Protein chains: 2
Amino acid sequence: MTRVLVVDDEPQIVRALVINLKARTYEVDAAHDGATALQLAAARHPDVVVLDLGLPDMDGVDVIRGLRGWTRVPILVLSARHSSDEKVEALDAGADDYVTKPFGMDELLARLRAAVRRAEPAGTGEGDVIVETGEFTVDLAAKKVQRAGRDVRLTPTEWHLLEVLVRNSGRLVGQKQLLQEVWGPSYGTETNYLRVYMAQLRRKLEADPSHPKHFVTEPGMGYRFEK
Amino acid sequence: MTRVLVVDDEPQIVRALVINLKARTYEVDAAHDGATALQLAAARHPDVVVLDLGLPDMDGVDVIRGLRGWTRVPILVLSARHSSDEKVEALDAGADDYVTKPFGMDELLARLRAAVRRAEPAGTGEGDVIVETGEFTVDLAAKKVQRAGRDVRLTPTEWHLLEVLVRNSGRLVGQKQLLQEVWGPSYGTETNYLRVYMAQLRRKLEADPSHPKHFVTEPGMGYRFEK
DNA sequence: CGGGCGCGTCAGGGTTCCGTCAAAGACGGC
DNA sequence: GCCGTCTTTGACGGAACCCTGACGCGCCCG
């Protein structure tokens with residue numbers, strides 16, 4: 001199920017979007033100002049954001065920057081402004097598309113589909129969404145982990161953490177980046193979360209959890225997943 | 001260098017685009033019909049395609065489908081048609097964006113930048129910048145150092161120091177600059193830090209630490225990293 | 001020829017960082 | 001409204017890391 005975050009301060013627009021999106025089986029969250037939008041984005045991790053630039057509390061472009069600080073989620077900008085400069089500024093700040101009001105619902109939905117489609121992982125054909133180690137296998141598409149032939153049960157947070165690490169296989173991921181990608185942009189310093197959840201992952205997946213081979217700690221820097 | 005394929009049958013539009021793109025150091029190919037476009041795309045593997053839908057030999061949407069059969073290259077559609085149905089059809093066929101003529105060049109270029117930006121890998125396993133010497137390799141993105149096939153563990157400070165030196169490969173880096181980049185702006189004179197950590201780096205990476213080949217001391221001035 | 005300066009090396013101590021455990025709090029399902 | 005699961009906290013021992021001071025060496029210059 002695709003999750004959409006709608007951000008607009010005009011209730012009738014939000015209403016129209018929510019109705020149309022829900023009718024097409026999207027899951028929808030709505031925010032009417034920038035602060036709520038950033039908070040909801042962090043909490044719910046939408047697959048795409050529809051963002052009106054004219055918000056009551058902050059500049060829409062700053063909302064884009066706030067999101068881009070920690071996520072690459074597609075951002076589709078709505079705006080009453082037709083000026084070329086506004087469009088360029090929003091797009092260069094990290095927006096993916098820019099639609100001027102009034103807009104046609106069909107067109108908006110088509111642009112939304114396009115944004116979601118290209119954000120999907122490229123590995124549809126033969127791309128290996130499955131990562132194997134000597135002891136366990138991770139299927140990123142199916143969100144499944146197997147060990148010794150048996151499915152391993154992971155909580156949502158555990159899975160999310162595993163996913164970020166596996167997607168950066170072999171590469172060091174800084175603790176700040178991990179925290180922000182899993183818990184949201186305001187959690188850049190709560191390193192104790194990492195300690196607890198890394199321990200959970202190792203207990204569930206490593207052969208010898210106290211001497212991890214695949215989830216390696218780099219003291220003072222971050223963690224690294226190694227096949 | 002980013003390569004753009006421009007497809008349009010109106011010579012003046014192609015000309016305007018080519019001039020503007022080349023001025024911004026894009027590499028540009030141009031086609032005036034669909035068949036040539038598909039052929040050029042296959043031969044040159046552009047990073048983004050700008051496609052006019054009104055072509056003389058075939059339907060623009062079929063060009064999109066032809067491309068999407070084998071590539072996910074971003075496609076930015078240009079069209080004189082404002083109808084919503086046309087847009088929806090093109091977008092659902094696999095286009096990434098749809099701009100109606102007449103268009104502003106600034107806006108088009110901004111949309112092009114957005115399309116290229118989101119197509120570039122978030123960080124795929126390969127494609128990292130790797131610096132090699134005869135004895136060890138440094139992967140700056142993965143924060144990984146290998147020597148004789150084995151991973152070498154570096155502490156945060158050691159890594160930071162190595163990073164500054166490697167980023168200035170071949171150039172002399174003054175001790176003051178090194179100190180300030182690694183330890184912070186208020187540390188301009190504690191040269192003993194440098195001595196200690198340079199020794200650590202050499203012990204971990206040089207074949208003969210007391211006769212360094214890659215981390216060269218320039219007495220009284222600073223240090224230099226040599227491949 | 002001797003002193004001074006800059007650099008390399010080593011080892012100890014204070015501090016930060018990490019793994020582990022347990023328990024309270026929040027959330028959702030029945 | 002209760003119960004089980006998941007998340008968030010807090011505390012503690014141990015490990016890793018950073019700073020520091022001392023010493024030896026080679027080079028330049030007096």
Side-chain angles (χ1 to χ4, degrees), chain A residues 27 39-40 42-45 143 145 151-163 165 172-176 178-184 186-224, chain B residues 143 145 151-162 165 172-176 178-184 186-224:
Chain A
E27 200 171 325
Q39 200 179 324
L40 268 179
R44 306 270 295 161
H45 290 275
K143 292 206 194 302
V145 184
D151 279 14
V152 180
R153 204 184 143 67
L154 295 185
T155 72
T157 309
E158 287 163 8
W159 172 260
H160 207 328
L161 181 60
L162 174 67
E163 192 176 12
L165 287 168
L172 175 78
V173 189
Q175 22 201 27
K176 187 172 179 180
L178 272 174
L179 282 164
Q180 294 193 334
E181 290 210 31
V182 176
W183 280 270
S186 56
Y187 292 75
T189 57
E190 324 281 328
T191 57
N192 46 329
Y193 291 11
L194 281 181
R195 296 209 294 279
V196 172
Y197 276 89
M198 285 302 305
Q200 313 262 51
L201 277 183
R202 299 207 254 236
R203 196 173 318 139
K204 291 185 178 179
L205 297 178
E206 292 273 4
D208 180 359
S210 52
H211 300 94
K213 281 168 54 187
H214 304 106
F215 300 97
V216 187
T217 304
E218 301 277 357
M221 301 200 287
Y223 295 86
R224 184 199 306 279
Chain B
K143 290 212 194 323
V145 184
D151 282 11
V152 181
R153 282 190 69 98
L154 296 185
T155 72
T157 310
E158 286 162 10
W159 174 260
H160 205 160
L161 181 59
L162 174 66
L165 288 168
L172 172 71
V173 188
Q175 11 200 32
K176 188 171 179 181
L178 272 175
L179 281 165
Q180 294 190 336
E181 288 211 36
V182 177
W183 279 269
S186 56
Y187 293 75
T189 57
E190 339 288 70
T191 57
N192 47 328
Y193 292 11
L194 282 181
R195 294 208 294 279
V196 172
Y197 278 89
M198 284 304 304
Q200 312 264 50
L201 275 184
R202 300 208 253 237
R203 192 175 327 136
K204 290 185 178 179
L205 298 179
E206 292 272 4
D208 180 0
S210 51
H211 300 93
K213 282 168 54 187
H214 304 106
F215 300 98
V216 188
T217 304
E218 302 277 355
M221 311 198 57
Y223 295 86
R224 179 201 311 278

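Order of the sequence lines fixes the chain letters, A, B, ..., with proteins taken first and strands second; residue numbering starts at 1 for each chain. The model shown is predicted, which means the values in this text are computed figures rather than measured ones.
Separating the CG atom in B/Leu194 from the CG atom in B/Leu179 is a distance of 4.0 Å, to the nearest 0.5 Å. From B/Leu172, atom CG reaches atom CG of B/Leu165 across 10.0 Å, with rounding to the nearest 0.5 Å.
For C/dG19, the OP1/OP2 oxygens have a side-chain nitrogen or oxygen of A/Thr217 closer than 4.0 Å.
Atom CD of A/Gln175 is separated from atom C1' of C/dG19 by 14 Å (rounded to the nearest Å). One atom, CZ of A/Arg203, and another, P of C/dT20, lie 8 Å apart when rounded to the nearest Å.
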What protein N or O atoms touch nucleotides 24-29 of chain D N or O atoms at under 3.5 angstrom, if any, and at what distances?
none

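Remark: B/Asn192 engages no residue in a side chain to side chain donor-acceptor pair (under 3.5 Å) (not counting sequence neighbours). Evaluation of the side chain to side chain contact (heavy atoms under 4.5 Å, CB included) rule for A/His160 yields A/His45, A/Glu163, A/Val164, A/Val182 as partners, not counting sequence neighbours. With sequence neighbours left out, the salt bridge (Lys or Arg N to Asp or Glu O under 4.0 Å) criterion links B/Glu218 to B/Arg224. The side chain to side chain contact (heavy atoms under 4.5 Å, CB included) check on A/Tyr187 picks up A/Trp183, A/Glu190, A/Tyr193, with sequence neighbours excluded. Here A/Ser186 pairs with nothing under the side chain to side chain contact (heavy atoms under 4.5 Å, CB included) rule; sequence neighbours left out. Annotation: side chain to side chain donor-acceptor pair (under 3.5 Å) contacts of B/Glu181 (sequence neighbours excluded): B/Gln177.
With axes fitted over five pairs at each extremity, the angle between the ends of the helix from C/dC1-D/dG30 to C/dC30-D/dG1 is 30° (10° resolution).
Across all non-hydrogen atoms, the minimal contact from A/Met221 to B/Leu154 is CE-O, 3.9 Å. For the residue pair B/Pro209 and B/Pro212, the shortest heavy atom distance occurs at O-CD, 3.7 Å.
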Would you be so kind as to tabulate the donor-acceptor pairs closer than 3.5 Å made by side chains of residues 197-208 of chain B, with sequence neighbours excluded?
unit_1: B/Arg202; atom_1: NH1; unit_2: B/Phe215; atom_2: O; d: 2.4
unit_1: B/Arg202; atom_1: NH1; unit_2: B/Thr217; atom_2: OG1; d: 3.4
unit_1: B/Arg202; atom_1: NH2; unit_2: B/Thr217; atom_2: OG1; d: 3.3
unit_1: B/Lys204; atom_1: NZ; unit_2: B/Arg153; atom_2: O; d: 3.0
unit_1: B/Lys204; atom_1: NZ; unit_2: B/Glu158; atom_2: OE1; d: 2.7
unit_1: B/Lys204; atom_1: NZ; unit_2: B/Glu158; atom_2: OE2; d: 3.4
unit_1: B/Glu206; atom_1: OE1; unit_2: B/Lys213; atom_2: N; d: 3.0
unit_1: B/Glu206; atom_1: OE2; unit_2: B/Lys213; atom_2: N; d: 3.2
unit_1: B/Glu206; atom_1: OE2; unit_2: B/His214; atom_2: N; d: 2.8
unit_1: B/Glu206; atom_1: OE2; unit_2: B/Phe215; atom_2: N; d: 3.0
unit_1: B/Asp208; atom_1: OD1; unit_2: B/Ser210; atom_2: N; d: 3.4
unit_1: B/Asp208; atom_1: OD1; unit_2: B/Ser210; atom_2: OG; d: 3.1
unit_1: B/Asp208; atom_1: OD2; unit_2: B/His211; atom_2: ND1; d: 2.9

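If you check every strand for non-hydrogen atoms under 4.0 Å, A/Ser210 touches sugar and phosphate atoms only. Contact annotation for B/Tyr223: backbone-only contact, meaning every heavy-atom pair under 4.0 Å involves sugar-phosphate atoms and none involves a base.
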Subject >> Annotated protein contacts, base or backbone, on nucleotides 6-23 of chain D with a non-hydrogen cut-off under 4.0 Å, one of B, S, - each >> reply: SBBB------SSBSB---

